[in-house]
Each structure stands twice: as C-alpha cells, then as structure tokens.
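We're numbering straight along the sequence, starting at 1. Only heavy atoms go into these numbers, but all of them, side chains included; no hydrogens, no water, no symmetry mates.
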Amino acid sequence: MRIAHATDIHWFREPGVFDFTFKRLLGTANLVLRGRKAHFAEAAQSALVAHIARTKPDLFIISGDLTAQALPSEFQAAREALQPVLESIPTFIVPGNHDMYTQASYTKRTMDSLFSEWMHLQPDGLGRFDVPGITAVGLDPNRPTWINASGAVPDVQL
C-alpha cells in the first residue's frame, strides 16, 4: 500500500472588494506585506499534482488548507488543479483551518460544494474513507473566530 500525503497547499487568490471581512483584511495584509503569498507558488502546486499523478499512489490524503482564505475562487483553483488526480487516484480530503477561514465559509460549507465527493463525510461530520487494506479517518476540529482559527473536535466525532 502506497499512501501519498499533502497538506497546506494554499491556493491563493486576491480577495475582491466584496470578499473582505475583517479577518481577510488582516490575512491579506499579512500575506502581501510580509511576502508570505510567495510561499504559495502555483509552480510548486502544479509540480505536486504532477508528481502525485505520475507516482499513482494507492491513496492520496490531503489534510487541510487547500486555500489561503477560503475564497470560492481559491477552492475553484484548487479543484481545477487537482482534477487530474481526483479523477484517477483514490483521494481523501480533510478541511484545514484556512478552508474554514471565515464564519461564512464554515456555515455555508463552501469547501463541500466542490470537494464533498473526496471528503467522504459521515452524518456526524467525521470523514471516513475505506480502500482495500486501510481505513482513513479525518476529524474536523475547525472553528473559525473573527480574528483567528481555533479547534475543538466535537464529541460526536470522538
């Protein structure tokens, strides 16, 4: 069994005027002014996808942070970039705190609209994916606050 794992890929798109919340204003300032957005290079993201597609693992696990700020455009960019892998390799995706960055992205489940097929969510919110020889389980402790992200695994998932 060969398992590939990736985390904190962070597709980034500049927020539009109507996308800004207080948290995204601070987050964007942090990314732009401190130069952190350069860490989210599309060349590296493309190389990751190409590597996974080429090596063809038995299971690919993404443990959060597909996006920088949970913008719909970021999720769309992630979905388009990951499509070659999603259609050919068993994949399990668990959200990270950046995928649930704002209260709206958390309550509207923005990520689920494009990735639910690979999140394998159970009614209790637990992600569970079975492939021959392994069961992958993903908890979702993400709970956005107005300035940062915190987490607590719900009792029902425990």
Side-chain angles (χ1 to χ4, degrees), residues 3-57 59-121 125-127 129 136 138-154:
I3 301 171
H5 172 250
T7 189
D8 296 282
I9 306 168
H10 293 284
W11 273 271
F12 173 73
R13 296 293 181 267
E14 296 277 346
V17 173
F18 297 108
D19 294 324
F20 278 107
T21 60
F22 179 72
K23 187 174 187 176
R24 280 198 183 120
L25 182 63
L26 290 177
T28 300
N30 181 40
L31 290 169
V32 173
L33 297 177
R34 295 181 65 202
R36 294 192 63 225
K37 80 174 189 172
H39 294 261
F40 310 143
E42 289 194 34
Q45 295 157 346
S46 296
L48 169 68
V49 173
H51 176 74
I52 297 300
R54 186 174 55 255
T55 58
K56 296 182 173 78
L59 174 62
F60 180 36
I61 297 174
I62 302 173
S63 60
D65 291 351
L66 288 173
T67 68
Q69 298 185 80
L71 290 165
S73 58
E74 293 174 336
F75 284 115
Q76 187 62 45
R79 174 60 190 269
E80 290 170 10
L82 288 167
Q83 189 60 37
V85 170
L86 298 176
E87 64 190 22
S88 64
I89 296 169
T91 301
F92 181 42
I93 301 174
V94 179
N97 64 319
H98 285 255
D99 302 319
M100 303 292 170
Y101 195 70
T102 63
Q103 190 63 42
S105 62
Y106 176 77
T107 55
K108 292 179 182 177
R109 304 301 295 185
T110 307
M111 182 175 183
D112 299 19
S113 68
L114 291 172
F115 292 99
S116 63
E117 182 178 344
W118 299 277
M119 294 170 72
H120 307 282
L121 293 173
L126 182 77
F129 187 43
L139 305 175
D140 182 2
N142 300 294
R143 303 296 176 264
T145 64
W146 69 279
I147 196 163
N148 64 8
S150 63
V153 177

Output the distance between atom [atom1] ([X]) and atom [atom2] ([Y]), rounded to the nearest 0.5 Å.
X: H120; Y: L126; atom1: NE2; atom2: CG; result: 12.5 Å
X: N142; Y: M111; atom1: CG; atom2: CE; result: 9.0 Å
X: K56; Y: H51; atom1: NZ; atom2: NE2; result: 12.0 Å
X: L121; Y: D140; atom1: CG; atom2: CG; result: 8.0 Å

Original post:
Which pairs count as ring pair (Phe, Tyr, Trp, His ring centres under 6.0 Å) when at least one residue sits in residues 96-119, sequence neighbours excluded?
Top reply: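 Only H10-H98, H98-Y101 qualify under ring pair (Phe, Tyr, Trp, His ring centres under 6.0 Å).
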Quick one: closest heavy-atom pair of [X] and [Y], and the distance?
X: A4; Y: I52; result: CB-CD1, 3.6 Å
X: A68; Y: F12; result: CB-CD1, 3.7 Å
X: I89; Y: F60; result: CG2-CB, 4.0 Å
X: A136; Y: F92; result: CB-CD2, 3.6 Å
X: M119; Y: P95; result: CE-CD, 3.9 Å

For [X], all residues meeting side chain to side chain donor-acceptor pair (under 3.5 Å), sequence neighbours excluded:
X: Q69; answer: T28
X: D19; answer: none
X: T102; answer: S105
X: S63; answer: H5, T7

Could you check whether any side-chain heavy atom of [X] comes within less than 4.5 Å of a side-chain heavy atom of [Y], counting everything from C-beta outward?
X: P154; Y: R143; result: yes
X: V153; Y: P141; result: yes
X: R24; Y: T21; result: yes
X: N97; Y: D65; result: yes

Side-chain donor-acceptor contacts of residues 30-41 below 3.5 Å, not counting sequence neighbours, with atom names and distances?
residue : atom : partner : partner atom : Å
N30     : OD1  : R34     : NH1          : 2.9
K37     : NZ   : E14     : OE2          : 3.0

**OP:** Check side-chain contact (heavy atoms from CB on, under 4.5 Å) between P72 and all other residues, then give those that pass, not counting sequence neighbours.
**Re:**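 side-chain contact (heavy atoms from CB on, under 4.5 Å) check on P72 returns T110.
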Original post:
Looking at residues at least two apart in the chain, or sitting in another chain, which of them share a side-chain contact (heavy atoms from CB on, under 4.5 Å) with I9?
Top reply: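 Checked I9 against side-chain contact (heavy atoms from CB on, under 4.5 Å); matches are A6, W11, Q45, L48, I62, L66.
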Subject >> ring-ring contact (aromatic ring centres under 6.0 Å, His included) involving F22 - partner list, sequence neighbours excluded >> reply: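 Listed in chain order: W146.
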Expected list for residues 76-87: side-chain donor-acceptor pairs under 3.5 angstrom, two or more places apart:
residue : atom : partner : partner atom : Å
Q76     : NE2  : E80     : OE2          : 3.0
R79     : NE   : Q83     : OE1          : 2.8
R79     : NH1  : L114    : O            : 2.6
R79     : NH2  : Q83     : OE1          : 3.4
Q83     : NE2  : E87     : OE1          : 3.3

**OP:** Could I get the full list of salt bridge (Lys or Arg N to Asp or Glu O under 4.0 Å) partners for D8, not counting sequence neighbours?
**Re:**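 Residues passing salt bridge (Lys or Arg N to Asp or Glu O under 4.0 Å) with D8: none at all.
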Subject >> All salt bridge (Lys or Arg N to Asp or Glu O under 4.0 Å) counterparts of R13, not counting sequence neighbours >> reply: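 Checked R13 against salt bridge (Lys or Arg N to Asp or Glu O under 4.0 Å); matches are E42.
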**OP:** Show your reasoning for whether side-chain contact (heavy atoms from CB on, under 4.5 Å) applies to T91 and F129.
**Re:** CA-CA 9 Å; T91 301; F129 187 43; over 6 Å; no
